[in-house]
Amino acid sequence: MRKTLKEISSDPYHGVYFIGTTPPKQKTDIDDVSSIADKLLARLEEIDYDGFIVYDIQDESSRIDKPRPFPFMHTHDPRLYAKLLMNKSDRPVITYKSVSQRNEDDFLTWLKEAWHQFEIRDLVLVGSPAATGDIQLSLAGAYEAMGKQAHTFYVGGVTIAERHAKKGDEHTRLLHKTSQGCEYFITQAVYNAQATIDMLSRYAHACREEGRKPQRIILTFSPCGSAKTLEFIDWLGVSVPEATSLRILNANKPLKESISICYNNLLQILEACLPLGIPLGLNIESLTNRKEEIDASILLYKLLKATMDKKLAEQQLDKL
């Protein structure tokens, strides 16, 4: 019987490890969607992972004035792809849900279908990409609506180090979202180690002050092999220090350089934040469908998982 994500995540001294992916484009024939899932699983046969994260891709052009580096295209329902991956891999899948486009009744219907029709159990709710525009359901309203339905989803949220760097209040958001029902958090792609360390340190301090146990934070990493991908990373709002951008762009092998950067960033985060008592995890994704970057993301996964496992084992050794 498949272990639930909550069971997998219950031990704070063990990491949890995910592969992030997006549903195929909406124009993809349904039979081909199944084949795409098979190809993804075949790529992952040699690695040990706990499950998947399936994103709900939205047109975020309202968030930023810059044009989107890659054109936005609608995808198949994330719930459909999540169910396919669950059934084919026998692993849990976290499904993202953007809540702002429909009203509360529609959201509650979506939840009912997600539970019964698609067997979704693990959710991450995402609010509107911009504070203005046609927001039919706020993120706070979605959390409140969760309490009006009977199903016990394992609910997580998104946390953004860049927002903490600008406003200095991401730790209060984490505490507030926990009060609203979030039991874990997933970051944006990490390219600024210090911004992530600052956010996690402040969060751990706030938890100590309030007598709370920190929730698990799943750190997202993604390789970058071209100027176009780097432009997309910047468009998504990910903080990439100028020196890091130049290292990637001027490298003979940009993908190799970006993997080295991600590795060093994770080392810095683990050294600074493991002693704080925050349970951690990893989510490795490829931000493009370029084969080179997809293959690099699998190599990055191997390297970062081995690194986190080693550091967690050393932490347990120190407790003997």
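Numbering of residues begins at 1 and proceeds along the displayed sequence.
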Heavy-atom closest pair, residues His76 and Ile30:
CE1-CD1, 4.4 Å
May I ask you to test the Met86-Phe118 pair for a side-chain heavy-atom distance under 4.5 Å?
no
Do side-chain atoms of Arg91 reach the backbone of Tyr49 as a donor and acceptor pair under 3.5 angstrom?
yes
Taking the six-membered ring of Phe185 (Phe, Tyr or Trp), confirm whether the NZ or CZ of Arg216 is under 6.0 Å from its centre and within 45° of its axis.
no
Can you tell me if Glu210 has over 12 outside heavy atoms packed within less than 6.0 Å of its CD?
yes
Check Ile8 against Pro92 and note the closest heavy-atom contact, atom names and distance.
CD1-CG, 3.8 Å
Sequence neighbours excluded and cut-off under 3.5 Å, please list the side-chain donor-acceptor pairs for residues 137-148, or say none.
unit_1	atom_1	unit_2	atom_2	d
Ser138	OG	Gly141	N	2.9
Lys148	NZ	Glu104	OE1	3.4
Lys148	NZ	Glu104	OE2	3.0

Arg202 CZ: over 12 foreign heavy atoms closer than 6.0 Å
no
Would you kindly confirm whether Ile47 and Leu303 end up in one hydrophobic cluster when ILVMFWY residues are joined by side chain heavy atoms under 4.5 Å apart?
yes
Does Val240 offer a backbone N or O that forms a donor-acceptor pair with the side chain of Thr244 under 3.5 Å?
no
Taking the six-membered ring of Tyr154, is NZ or CZ of Lys6 closer than 6.0 Å to its centre and within 45° of its axis?
no
Aromatic ring pairing His151/Trp115, orientation class (parallel under 30°, perpendicular over 60°, tilted between)
parallel
Nearest heavy-atom neighbours spanning Glu7 and Ser10
O-OG, 2.8 Å
More than 12 heavy atoms of other residues, nucleotides or ligands under 6.0 Å from NZ of Lys88: is that the case?
yes
With the side chain counted from C-beta on, respond yes when Arg121 and Thr4 share a heavy-atom pair under 4.5 Å apart, and no when they do not.
no
Is the number of heavy atoms from other residues, nucleotides or ligands within 6.0 Å of CD (Glu46) greater than 12?
no
List the atom pairs, with distances to 0.1 Å, where a side-chain N or O of residues 263-279 and a protein N or O form a donor-acceptor pair under 3.5 Å, not counting sequence neighbours.
unit_1	atom_1	unit_2	atom_2	d
Asn264	ND2	Ser260	O	3.1
Asn265	ND2	Ile261	O	3.4
Glu271	OE2	Lys311	NZ	2.6

Donor-acceptor contact below 3.5 Å, side chain Asn103 vs main chain Asp106:
yes
On a heavy-atom basis, which atom in Leu236 and which in Gln188 lie closest, and how many Å separate them?
O-OE1, 3.4 Å
Would you say Ile284 and Tyr184 are hydrophobically clustered, going by side-chain heavy atoms of ILVMFWY under 4.5 Å?
no
Determine whether a donor-acceptor pair (N or O, by modelled atom type, separation under 3.5 Å) exists between the side chain of Asn283 and the backbone of Ile218.
no
His176 vs Arg173 side-chain heavy atoms within contact, under 4.5 Å:
no
Looking at side-chain heavy atoms only, is the closest gap between Thr75 and Gln26 below 4.5 Å?
no
Does a side-chain heavy-atom distance below 4.5 Å link Thr95 with Lys97?
no
Do other residues, nucleotides or ligands put more than 12 heavy atoms under 6.0 Å from the CZ atom of Arg290?
yes
For the side chain of Asn192 and the backbone of Ala195, is there at least one donor-acceptor N/O pair under 3.5 Å apart?
yes
Mind listing the closest non-hydrogen atom pair of Ser226 and Glu293 along with its distance?
N-OE2, 3.8 Å
Any side-chain to backbone donor/acceptor pair from Thr159 onto Ile186? Under 3.5 Å, distance only.
no
Using modelled atom types only, decide if a donor and an acceptor are shared between the side chain of Thr28 and the backbone of Lys25 within a distance under 3.5 Å.
yes
